[in-house]
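All values below come from the heavy atoms of this structure, side chains included, with hydrogens, waters and symmetry mates left out. Whatever order the structure lists ligands and atoms in, that order sets their numbers, starting from 1. Predicted, not measured: the structure shown is a model, and the values here were computed from it.
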Amino acid sequence: MSSTPVPDITLNNGATIPQLGFGVFQVENDEATTAVATALEVGYRSIDTAAVYGNEAGVGRALAASSVPRAELFVTTKLWNTAQGYDSTLVAFDESVGKLGLDYVDMYLIHWPTPNRDRYLDTWRAFEKLLADGRVRTIGVSNFQPDHLTRLLEHTAVVPSVNQVELHPYLQQGKVRGYDRAHAIATEAWSPLGQGGELLEDPVITEVARAHGRSAAQVVLRWHLQLGNIVIPKSVTPTRIRENFEVFDFELTTAELDAINALDRGGRIGPDPDTFNQG
Ligand code: NAD
């Protein structure tokens with residue numbers, strides 16, 4: 001497939017990222033190869049992995065085997081917490097691109113701020129060097145709260161292009177999204193489907209899904225897209241991989257968006273970035 005229905009989002013340094021991508025958290029190497037191959041066949045062009053997922057090599061094998069030109073792909077990986085610091089970041093980056101089998105990655109993210117470690121400023125300076133050296137197209141952060149971003153902006157030169165955070169109808173992240181918007185940082189939603197839990201059975205979501213003849217997952221993805229979020233849903237099931245991509249031929253009404261907006265309840269699934277210092 002050479003054309004794609006997925007809109008591009010232009011980032012603050014002029015790079016573009018597909019608004020819908022494919023995540024591979026908790027997918028081991030061989031399964032990642034199969035899942036990414038299916039995603040590329042379906043039409044996804046953006047793949048989100050991380051050093052700590054342990055599947056960069058598996059992702060890389062699918063990229064190498066695909067006929068999609070490198071320039072059409074958008075590959076994101078993330079620096080794990082234990083590698084934070086200037087020199088250790090440069091070493092970890094080389095390991096990641098080596099496993100992926102790439103010369104450059106499209107986006108490199110600091111996975112967590114880990115505030116007790118207090119190394120994200122030095123880590124970011126290494127990210128700035130990777131950007132200046134042309135080894136990454138754009139650099140960003142993940143799980144950064146406004147306080148962490150404020151400190152980063154005060155002490156470093158390049159404004160992150162993306163902040164990837166847990167975000168779904170039960171955790172709408174109004175404060176983080178507002179901060180990101182005010183600083184020209186794009187917000188990317190991880191666990192956009194709430195990891196497929198009770199969110200997909202919420203009566204508000206299933207009622208909207210019924211009205212459109214769509215699945216609950218498609219309605220949640222549509223909500224993200226209409227809000228302007230970048231999304232990276234995960235699945236290893238081919239029918240779901242395809243279903244999650246078929247979200248560009250219907251629209252939610254303002255009333256439906258409002259009904260989903262009203263589901264916000266601070267329902268965090270993953271760790272709290274202010275207190276997560278592991279790794
Ligand atoms: P998700 O919200 O994408 O949910 C994935 C789960 O939802 C699947 O395992 C499956 O059980 C279910 N599902 C998927 N499609 C479905 C469908 N069409 N119908 C019914 N159920 C469906 O959760 P996630 O994997 O945690 O997040 C997505 C991606 O975000 C990850 O793969 C990873 O790339 C990224 N992520 C990043 C961080 C971070 O700290 N930066 C943390 C978690 C995840």
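The option with the heavy atom closest to atom 30 (O) of ligand 1, from among V236, V247, I232, is I232. Counting only non-hydrogen atoms, the option in Q26, K234, Q164 that gets closest to atom 3 (O) of ligand 1 is K234.
Side-chain atoms of Q226 and R222 form a donor-acceptor pair, as typed in the model, at a separation below 3.5 Å. Between the side chains of Q145 and D274, at least one donor-acceptor pair of N or O atoms lies under 3.5 Å. A donor atom on one side chain and an acceptor atom on the other are not found under 3.5 Å apart for T16 and T10. With 3.5 Å as the limit, one finds no donor-acceptor pair spanning the side chains of Q218 and H212. For the 3.5 Å distance criterion, the side chains of E56 and S96 qualify, holding a donor opposite an acceptor. In this structure, a donor-acceptor pair under 3.5 Å is absent between the side chains of Y44 and T4. Under the 3.5 Å distance criterion, with hydrogens and angles disregarded, no donor-acceptor pair is assigned to the side chains of Y86 and K129.
Looking only at protein heavy atoms, the nearest one to atom 43 (C) of ligand 1 is W190 CE3, 3.1 Å. With hydrogens left out, the protein atom closest to atom 12 (C) of ligand 1 is G196 CA, 3.8 Å, a heavy atom. Looking only at protein heavy atoms, the nearest one to atom 19 (N) of ligand 1 is R240 NE, 3.6 Å. With respect to atom 31 (C) of ligand 1, the closest heavy atom belonging to the protein is F25 CB, 3.3 Å. Ranking protein heavy atoms by distance to atom 2 (O) of ligand 1, first place goes to L193 N, 2.7 Å. Remark: minimum distance from atom 40 (O) of ligand 1 to any protein heavy atom is reached at N143 ND2, 2.9 Å. Protein heavy atom in closest approach to atom 15 (N) of ligand 1: N244 ND2, 3.0 Å.
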side-chain hydrogen bond (donor to acceptor under 3.5 Å, both in side chains) between N261 and W223, intermediate numbers included = CA-CA 9 Å; N261 290 343; W223 172 82; 2.9 Å; yes

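In summary, the atoms of ligand 1 found under 4.0 Å from a heavy atom of H111, numbered by their order in the structure, are 39 (C), 40 (O), 41 (N). Those atoms of ligand 1 with a heavy atom of P233 less than 4.0 angstrom away are 3 (O). For ligand 1 and A217, the ligand atoms under 4.0 Å from any heavy atom of the residue are 17 (C), 18 (N), 19 (N). Below 4.0 Å from some heavy atom of G194 lie the following atoms of ligand 1, by number and element: 2 (O). Residue contact check: W112 has heavy atoms under 4.0 Å from atoms 40 (O) of ligand 1. Within ligand 1, counting atoms from 1 as listed, the ones closer than 4.0 Å to a heavy atom of L200 are 20 (C), 21 (N). Of all the atoms in ligand 1, the ones that sit under 4.0 Å from a non-hydrogen atom of D48 are 33 (C), 34 (O), 35 (C). For ligand 1, the atoms lying closer than 4.0 Å to a non-hydrogen atom of S191 are 1 (P), 2 (O), 23 (O), 24 (P), 26 (O), 27 (O), 28 (C), 30 (O).
With H168 as the fixed residue, the side chain to side chain contact (heavy atoms under 4.5 Å, CB included) test singles out one of I269, V231, L193: I269. None of V36, D48, V42 except one satisfies the side chain to side chain contact (heavy atoms under 4.5 Å, CB included) rule with F22; the exception is V36.
The side-chain hydrogen bond (donor to acceptor under 3.5 Å, both in side chains) test applied to R214 returns D249, not counting sequence neighbours.
When heavy-atom distances to ligand 1 are checked against a 4.0 Å cut-off, V27 has no atom that comes that close, whether in backbone or side chain. Counting heavy atoms closer than 4.0 Å to ligand 1, residue V165 contributes nothing at all. Counting heavy atoms under 4.0 Å from ligand 1, residue Q195 touches it through both backbone and side chain.
Close to ligand 1: K78, with a non-hydrogen atom less than 4.0 angstrom away. Note on ligand 1: S215 sits outside its first shell, no heavy atom being nearer than 4.0 Å. Under a 4.0 Å heavy-atom criterion, F22 is not in contact with ligand 1. In this structure, G270 does not count as a contact residue of ligand 1, since none of its heavy atoms falls inside 4.0 Å of the ligand.
At least one cation-pi condition fails for R135 and F93: the charged atom is not both under 6.0 angstrom from the six-membered ring centre and inside a 45 degree cone around its axis.
In terms of modelled atom types and a separation under 3.5 Å, the side chain of E128 and the main chain of A157 share a donor-acceptor contact.
With side-chain heavy atoms closer than 4.5 Å counting as contact, directly or through intermediates, the hydrophobic cluster containing V162 also holds I9, L11, I17, F74, M107, L109, I230.
Aromatic ring centres of Y120 and F144: separated by under 6.0 Å.
Between S235 and ligand 1, no N or O atom pair is found at a separation short of 3.5 Å.
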